[in-house]
Amino acid sequence: MSEIKKIGVFTSGGDAPGMNACIRAVVRTAIFKNIEVVGIRQGYQGMLECNFWDMTARDVGNIIHIGGTILKTARCLEFKTAEGTKKAYENLKAHGIDALVAIGGDGTANGADRLSRTFDIPVMCIPGTIDNDLNGSDFTLGFDTATNTVIEAIDKIRDTAASHDRLFFIEVMGRDSGCIALHAGIAGGAEAVLLPERETAIDELIEKLSSQAKNKKTSSIVIVAEGDKNGGAYHVAARVKEKFDFYDSKVTILGHLQRGGSPSSFDRILASRLGFAAVKALLNGRTRQMVGLRGNAIVLTPLEEALNISHFKLEDDLLEMINVLSI
Ligand code: ADP
């Protein structure tokens, strides 16, 4: 059995709905197993500033349904330096923290990997990002909630688009990943989706919209992923308008509202499973793993493998369907 007596848990990088449910699962699983838990506020910044919180099971009550993260999150450049990583480790040791659960995106996991390799402290990483861009899990925490938020917005925009016979360009988040765009495009019934993973020429988009208009469509919705190479929804809309003015067109950038909100049941259950599994894996002597979901099973993937492939692969059938179901 392991020597772990005190686990540190933190959230870092971009916040995502479900992080609180995950913190709750980590804290309660550890306490159930007679392990102490320290919440580290503001991610790596908090490690450098000893922003530590000795947590009880009651500290994570009434947070399962709340978006954001009670531990706060931050981006910290100092931690990336050799001195910063050393200082973080020394502060953890001074507080008796002998293992870590990191909840965040690829940057967070890279940081945990580096800390663990350099100072031999066990770490488990939980994929917490709405972008769904990590190789270690079919779904990352927050992706489902964010996609549902986008769909809710599309549904509302559809009402006005249909009433005015308009063409709407809706820009969604995801950084270099088109996952939110593609899933929301399918679930929201979009006419076209522009993705970073698959370039769409503006002429090709115009061709598609024209043929749909000839097919008696009176309004259209185009989803533009923020990482799409055409330069964002405003730019795409302006370029389409130059050659195609069948519809009055409008642009909506959904922005940060996609990051907030109460987590969906899927994200709450995923968060609970991942947090529970992360603590159990640490106590079983595992380290430097991404805890993720594959099919409907919780699996551990070595961090070097989880982080090596930058792009989560989009589903081929969804990509094909976008064109078929929007005729
Ligand atoms: P995310 O975890 O959402 O991808 P970031 O990329 O901003 O968010 O990473 C969060 C934090 O993780 C950074 O502010 C930094 O402190 C740390 N970090 C990121 N990349 C590295 C790295 N290569 N080495 C060490 N620390 C890193």
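As the structure lists them, so they are numbered: ligands from 1, and atoms in each ligand from 1.
No hydrogens or angles considered: a donor-acceptor pair under 3.5 Å links the side chains of K208 and N323. One side chain, D144 or S264, offers a donor N or O that lies under 3.5 Å from an acceptor on the other. Side chains of N132 and H183: a donor-acceptor N/O pair is absent below 3.5 angstrom, by distance only. Between the side chains of R273 and N296, at least one donor N or O lies within less than 3.5 Å of an accepting N or O.
Sorted by first and then second residue, the salt bridge (Lys or Arg N to Asp or Glu O under 4.0 Å) pairs with a member in residues 147-161 read E152-K156; sequence neighbours excluded.
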In a simple table, one pair per line, please give the protein and ligand 1 atom names for every N or O pair closer than 3.5 Å, along with the distance.
{"unit_1": "ligand 1", "atom_1": "2 (O)", "unit_2": "G105", "atom_2": "N", "d": "3.0"}
{"unit_1": "ligand 1", "atom_1": "2 (O)", "unit_2": "T108", "atom_2": "N", "d": "2.9"}
{"unit_1": "ligand 1", "atom_1": "2 (O)", "unit_2": "T108", "atom_2": "OG1", "d": "2.5"}
{"unit_1": "ligand 1", "atom_1": "3 (O)", "unit_2": "G14", "atom_2": "N", "d": "3.2"}
{"unit_1": "ligand 1", "atom_1": "4 (O)", "unit_2": "D106", "atom_2": "N", "d": "3.3"}
{"unit_1": "ligand 1", "atom_1": "4 (O)", "unit_2": "D106", "atom_2": "OD1", "d": "2.9"}
{"unit_1": "ligand 1", "atom_1": "4 (O)", "unit_2": "G107", "atom_2": "N", "d": "2.9"}
{"unit_1": "ligand 1", "atom_1": "7 (O)", "unit_2": "R75", "atom_2": "NE", "d": "2.5"}
{"unit_1": "ligand 1", "atom_1": "12 (O)", "unit_2": "G107", "atom_2": "O", "d": "3.4"}
{"unit_1": "ligand 1", "atom_1": "14 (O)", "unit_2": "C76", "atom_2": "N", "d": "2.7"}
{"unit_1": "ligand 1", "atom_1": "16 (O)", "unit_2": "C76", "atom_2": "O", "d": "2.6"}
{"unit_1": "ligand 1", "atom_1": "18 (N)", "unit_2": "G107", "atom_2": "O", "d": "3.3"}
{"unit_1": "ligand 1", "atom_1": "20 (N)", "unit_2": "G107", "atom_2": "O", "d": "3.4"}

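Between the OG atom of S272 and the CZ atom of R268 there is a distance of 9.5 Å, given to the nearest 0.5 Å.
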